[in-house]
Amino acid sequence: MARWERLVWPASDFSRVPTGIFIEPEVFEREQERIFQGPVWLFLGLEAEIPEPGDYFTTFGGVTPLVVNRAEDGRIHVFVNRCSHRGALVVRDLRGRQSRHICAYHRWCYDLRGSLVGTPFRRGVEGKGGLPPGFDRREHGLRPLRVASYRGAIFASFDPHPEPLPDYLGPPMRRMLDRLFCKPIEILGHLRHRVDGNWKAYFENLNDSIHAGLLHRLPVMLGLWSNTQEGAIETDPLGRHAHYYVKYEEDDSALMGPGKSPSGQALRLADHAFIDARDEWGDRVSTDTLSLFPNVMFAQVSNFLITEQIRPKSAEEFELLTTVFGYADDDPDLRLMRQRQVAWLGPAGYVGIEDNEAGNLIQRASRGQSYAHSYIGYGGVGPIGDTDHLVSEVSVRGFWRYYCYLMGYQPQDGPPLDPATWAAEAVS
Amino acid sequence: MSAAHARPAPDPALAARAQRLTPGNDGEPDAAAEQLRNFLYDYGHCLDDDRLEDWPAFFAENGSYRIIPRENLDRGMTFALMFLENRNQLRDRVLVIRKALVYAPRMYCHLIGSIRCRQGADSGRFDLRASCAVYATDIVEGTSKLFAAGRYDGQVAANADGLQFTRLDLILDTSSVDRQMPIPL
Ligand SMILES: [Fe+2]
């Protein structure tokens with residue numbers, strides 16, 4: 001039996017997760033085929049990064065290098081960054097503007113749709129060599145992915161017939177993105193960091209609201225967090241994504257101007273600039289995050305607006321690419337606020353650092369323990385769906401259920417996994 | 001002593017140029033440059049020794065500290081991954097690190113070199129650039145690795161308190177950084 005198959009899921013409520021899922025290389029390889037190159041939509045970036053025809057950037061779908069570019073007709077195309085001739089990387093930098101992509105190795109030339117348009121020495125040199133007479137360029141393009149955008153967020157799928165992107169997202173997720181991308185944006189910068197942990201441990205973290213008041217001590221010490229504040233977690237009908245939000249208290253104790261300071265602080269800061277926030281949407285939502293299976297988090301934390309693309313590198317390492325943006329109509333004060341609030345997230349952020357640390361702690365404890373199980377029980381082990389409170393890890397179980405379905409895992413104590421029944425279970 | 005090691009005669013034109021570019025252009029240029037170099041070395045040692053509480057004192061009251069990925073700067077974006085605007089904010093970062101943060105403490109080793117300082121526009125102000133590589137050692141594993149590479153770009157003021165940064169930017173060549181960057185570099 002293959003090693004990935006020896007990992008056992010004892011409970012069909014997904015309250016038990018086999019530890020080997022975080023460290024086994026064979027599991028990682030299977031994820032590339034079944035998940036990242038499977039029937040999912042991968043988040044690749046924002047349209048604002050490639051506004052003009054010919055603009056491109058390189059990124060990754062799972063571990064696979066991809067090129068994302070805008071063609072002459074304004075449409076976005078995504079293809080595998082691998083020359084169809086001898087398999088070399090075609091586009092070698094992070095971003096730029098080109099009318100053609102030319103492979104350095106043998107100078108095969110592709111247009112912005114990934115079609116092969118140029119092959120040197122096609123008829124040989126002085127009648128010698130050259131490509132076979134029947135060679136048809138149309139059969140040698142770059143491998144294209146399906147592409148769809150939602151509100152300027154670019155997604156692609158290796159699956160030739162994925163479910164429509166709006167359906168894949170589901171209504172609560174679309175609402176979150178409608179709010180986050182409510183007007184034209186401007187990219188402010190990128191932050192990247194590497195975590196010596198497994199990408200799924202990071203997803204567990206995103207879908208788990210209970211850790212927020214336990215692992216992250218600073219917001220509690222500053223009086224910015226309490227487990228009783230208004231908030232909720234919503235999922236899509238299949239329970240694979242999670243939308244999580246928290247609202248400021250009515251008295252706006254978290255919305256502090258300079259010099260204002262909440263009472264009862266366990267830690268006294270000399271300068272509250274990074275806590276100072278503005279209610280830009282007029283809905284008191286202080287934190288609004290969306291984790292979309294399998295590779296992205298969208299977040300508004302105060303006025304810090306980001307996409308966070310998860311790039312698995314191996315079973316034991318992933319990279320996070322954080323794209324920070326603001327709105328085109330930001331005033332200078334708001335821009336400064338967004339920069340100050342990097343104090344919370346990213347590689348040096350007070351909350352980000354702790355989430356990364358949690359991922360690494362799981363990694364270090366998993367070695368040699370492939371057949372042990374972790375336990376997920378907060379919020380109960382009943383149907384996977386929405387919760388109107390924050391003391392929950394229900395959506396972590398939702399993540400694992402869809403993961404198992406794609407990976408071909410079956411829980412030991414239930415009927416075969418059938419997503420067709422999940423939506424009905426969630427509302428029952 | 002072999003010919004290869006003999007000190008070449010000073011080139012008068014070069015010496016005049018060095019004089020112009022060296023701070024404290026008041027007859028003691030080397031002493032001022034030496035002072036600035038030592039200031040920067042002390043800064044690195046302070047962090048290497050985990051004397052974080054002493055770190056804000058290297059800055060003036062309104063001195064700023066930023067860590068900016070060069071990847072951003074090369075595109076004309078100054079977005080910083082650590083952004084502290086004054087000495088109070090520097091002190092707060094140390095307070096949070098000490099009192100609140102769950103992270104993996106590391107030992108750091110700053111290698112600072114290629115230091116260049118110039119007289120700034122105002123007297124008593126110097127522009128400073130230096131290359132820097134920081135090694136980090138995992139205290140539990142005991143292994144060390146190159147943590148970050150980049151350059152310091154700063155402005156130093158000489159006043160009654162000695163030298164202080166009015167601005168210090170660390171421009172990181174390392175754009176995909178380690179998961180643990182709570183500590184200033
Ligand atoms: Fe967290």
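Chain identifiers are assigned alphabetically (A, B, ...) following the order of the sequence lines, protein sequences preceding nucleic acid strands; residue numbering begins at 1 within each chain.
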With a 4.5 Å cut-off on side-chain heavy atoms, are A:Tyr350 and B:Arg93 touching? yes
If you tally heavy-atom pairs under 4.5 Å against chain A, which of B:Thr174, B:Asn88, B:Val96, B:Asn86 wins? B:Val96
Between B:Ala80, B:Ala100, B:Ala104, which residue shows the highest count of heavy-atom pairs closer than 4.5 Å to chain A? B:Ala80
From A:Glu317 atom CD to B:Arg179 atom CZ, the distance as rounded to the nearest 0.5 Å: 11.0 Å
Testing the basics here: between A:Ile353 and B:Val102, what is the closest heavy-atom pair and its distance to 0.1 Å? CG2-O, 3.9 Å
If you tally heavy-atom pairs under 4.5 Å against chain A, which of B:Thr78, B:Leu95, B:Ile68 wins? B:Leu95
Among B:Ser175, B:Pro182, B:Pro184, which residue forms the greatest number of heavy-atom pairs with chain A at distances under 4.5 Å? B:Ser175
A:Leu215, part contacting chain B, at a heavy-atom distance under 4.5 Å: both
Closest heavy-atom contact between B:Met82 and A:Ala348? CE-CB, 3.9 Å
Is it the case that over 12 heavy atoms from other parts of the model lie below 6.0 angstrom from the CZ atom of B:Arg75? yes
Under a 4.0 Å N-O cut-off, is there an ion pair linking A:Arg194 with B:Asp178? no
How far does CG of A:Asp271 sit from CZ of B:Arg91, to the nearest 0.5 angstrom? 11.0 Å
Of the backbone (N, CA, C, O) and the side chain (C-beta and beyond), which part of A:Val324 lies under 4.5 Å from a heavy atom of chain B, both, or neither? side chain
Looking at CG of B:Leu81 and CG of A:Leu345, how far apart are the two atoms once the value is rounded to the nearest 0.5 Å? 12.5 Å
Honestly, the part of A:Arg338 sitting under 4.5 Å from a heavy atom of chain B is backbone
Under 6.0 Å from the CZ atom of B:Arg129, do we count more than 12 heavy atoms belonging to anything else shown? no
Show, in sequence, the C-alpha distance, side-chain angles and deciding distance for B:Phe83 and A:Leu336, and conclude whether the side-chain contact (heavy atoms from CB on, under 4.5 Å) test is met. CA-CA 10 Å; B:Phe83 181 83; A:Leu336 181 59; 3.8 Å; yes
Is there a side-chain contact (heavy atoms from CB on, under 4.5 Å) between A:Arg340 and B:Glu85 once you walk through the steps? CA-CA 9 Å; A:Arg340 284 171 174 158; B:Glu85 298 158 285; 2.8 Å; yes
What's the spacing between B:Lys99 NZ and A:Leu218 CG if we round to 0.5 Å? 13.5 Å
Closest non-hydrogen contact found for A:Pro347 with B:Val177 is CB-CG2, 3.5 Å
Flag side-chain contact, heavy atom, 4.5 Å: B:Glu71 against A:His190: yes
Could you tell me which of A:Leu320, A:Leu321, A:Leu188, A:Val351 has the largest number of non-hydrogen atom pairs under 4.5 Å with chain B? A:Leu188
State, yes or no, whether a side-chain contact exists between B:Tyr103 and A:Asn360 at a heavy-atom distance under 4.5 Å. no
Name the member of A:Asp196, A:Val195, A:Leu361 that forms the most heavy-atom pairs with chain B at distances under 4.5 Å. A:Asp196
What I'd like to find out is whether the side chain of B:Asp92 reaches to under 4.5 Å of the side chain of A:His272, using heavy atoms alone. no
B:Leu101 versus A:Glu354: any side-chain heavy-atom pair under 4.5 Å? yes
